[in-house]
Amino acid sequence: QQRVRVLPVLIIGVVSMKKILLFLGIGLFMFILVNSAYENTNYRRQMLDVDKFSRVPHGIKLANFGPSHARDALYYRDLPITSFNFALSAQHFGYDLQLLRYYLKKFETKAIVLLPVTYGSFGRYTDEMLDSQKCRYYKILPPAYLMEFSPEDYARYKLFPALGAGLKIRYIVKDTKNSSDWNLPYNKNTGNIKQIALKKYEKLNSRGFSEDSVEDLIALIQYAQACDLRPVLVTIPVTRELDAYYDKGFLDNFFERIKTITDEFNIPYLNYSKDERFQDIDLFCDSDHLNIRGAKMFTEIVLDDLEYIYS
């Protein structure tokens, strides 16, 4: 009789377990769908801006690294030589180096490597800034090339980005437009350019100065030269409204730092910070980024100057 009573309990237990497994399976399947949908939203793709790294060519003869100023200012499409723009928004020299290390096999010997130095290049990078950026590098680089790696971040940023999406998961339902202001001239209806430039200056200036950033640039140059590449420092133009906020003391210190580095490593420096050819606001999309028209013009000038240097 005891065995007879136990049998229904076992049957109920087996049925319940099957239901639990079924619900878990359905839940896992739904999560995979949601995770994939979020991964492919325009919002996330534009936020990370890393799709281009799936198309890094072999035999690179010209490349640049750096932040968004370089990303938007150097336009290599239709060039007769193999080239690539490795720049990302707010990218610092430390990750410039890690990207160069990882993609080194893609470079030709004696390739020219443009290393942008902007007015904000030697500023401090706070932990908050670094944390906001690291998710994209989990998409690009293997763990050995990440500046900081943890299994938790790997799961969150690489495998299951929907877990850390929070309210941003809403973009699955209502996505952002797949567009860029880069194609447009500065919109005079967005506000007074001097006020916009002032806000940019205050944001950049608040980061102060970091000797670590200087050392990171030096490490990048040393690595490039050790790999038989040709590093070139370059300062990209900004609007005259933004440039005007930087006083003589700041500029003297900034350019003296660059001169010390270029003299020590015997590398060229292309300085377009006050270039008269870039005084037209219609060449910019905001106070410090060139638009596509400005980028084409700037890239052509840089190529001519590089040809003169290395001819």
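- Annotation: the span from Leu74 atom CG to Phe84 atom CZ amounts to 12.5 Å, rounded to 0.5 Å.
- A parallel orientation is assigned to the rings of His69 and His289, their planes being inclined by less than 30° (bins at 30° and 60°).
- Using a 4.0 Å cut-off between charged nitrogen and carboxylate oxygen, Arg257 and Glu211 count as a salt-bridge pair.
- The aromatic rings of Phe53 and Phe86 sit tilted relative to each other, their planes meeting at an angle between 30° and 60°.
- Taking the six-membered ring for Trp and the full ring otherwise, the centers of Phe254 and Tyr119 sit less than 6.0 Å from each other.
- Expressed to the nearest 0.5 Å, how far CG of Asn271 lies from CD1 of Ile236 amounts to 11.5 Å.
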Report task. Take Ser287 and Ile193 through the test side chain to side chain contact (heavy atoms under 4.5 Å, CB included) and record every step on the way to the result. Result -> CA-CA 7 Å; Ser287 66; Ile193 185 61; 4.1 Å; yes
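- When each of Ile281, Leu283, Ile196, Asp288 is tested with Thr239 by the rule side-chain contact (heavy atoms from CB on, under 4.5 Å), just one qualifies, namely Ile281.
- When the side chain to side chain donor-acceptor pair (under 3.5 Å) test is applied to Asp96, the partners found at least two apart in sequence or on another chain are Gln91.
- Asp305 is linked by a side chain to side chain donor-acceptor pair (under 3.5 Å) to Tyr272, counting only residues two or more places apart in sequence or in another chain.
- The aromatic rings of Phe209 and Phe122 stand perpendicular to each other, their planes meeting at an angle above 60°, with 30° marking the opposite boundary.
- For Glu300, the CD atom counts as loosely surrounded, since its 6.0 Å shell holds 12 or fewer non-hydrogen atoms of other residues, nucleotides or ligands.
- Judged purely by distance below 3.5 Å, without hydrogens or angles, the side chains of Asp216 and Ser213 never pair a donor atom with an acceptor atom.
- No donor-acceptor distance shorter than 3.5 angstrom exists from the side chain of Thr41 to the backbone of Tyr171, with no hydrogens or angles considered.
- The distance from the CD1 atom of Ile112 to the CZ atom of Phe107 is 11.5 Å, given to the nearest 0.5 Å.
- With 3.5 Å as the limit, one finds a donor-acceptor pair spanning the side chains of Asn64 and Tyr76.
- In this structure, Met147 and Tyr95 have side chains that are in contact, with non-hydrogen atoms separated by less than 4.5 Å.
- In terms of the side chain to side chain donor-acceptor pair (under 3.5 Å) criterion, residue partners of Lys259 (sequence neighbours excluded) are, by chain and number, Asp263.
- Proximity of Pro231 to Phe265: side-chain heavy atoms (C-beta onward) are nowhere separated by under 4.5 Å.
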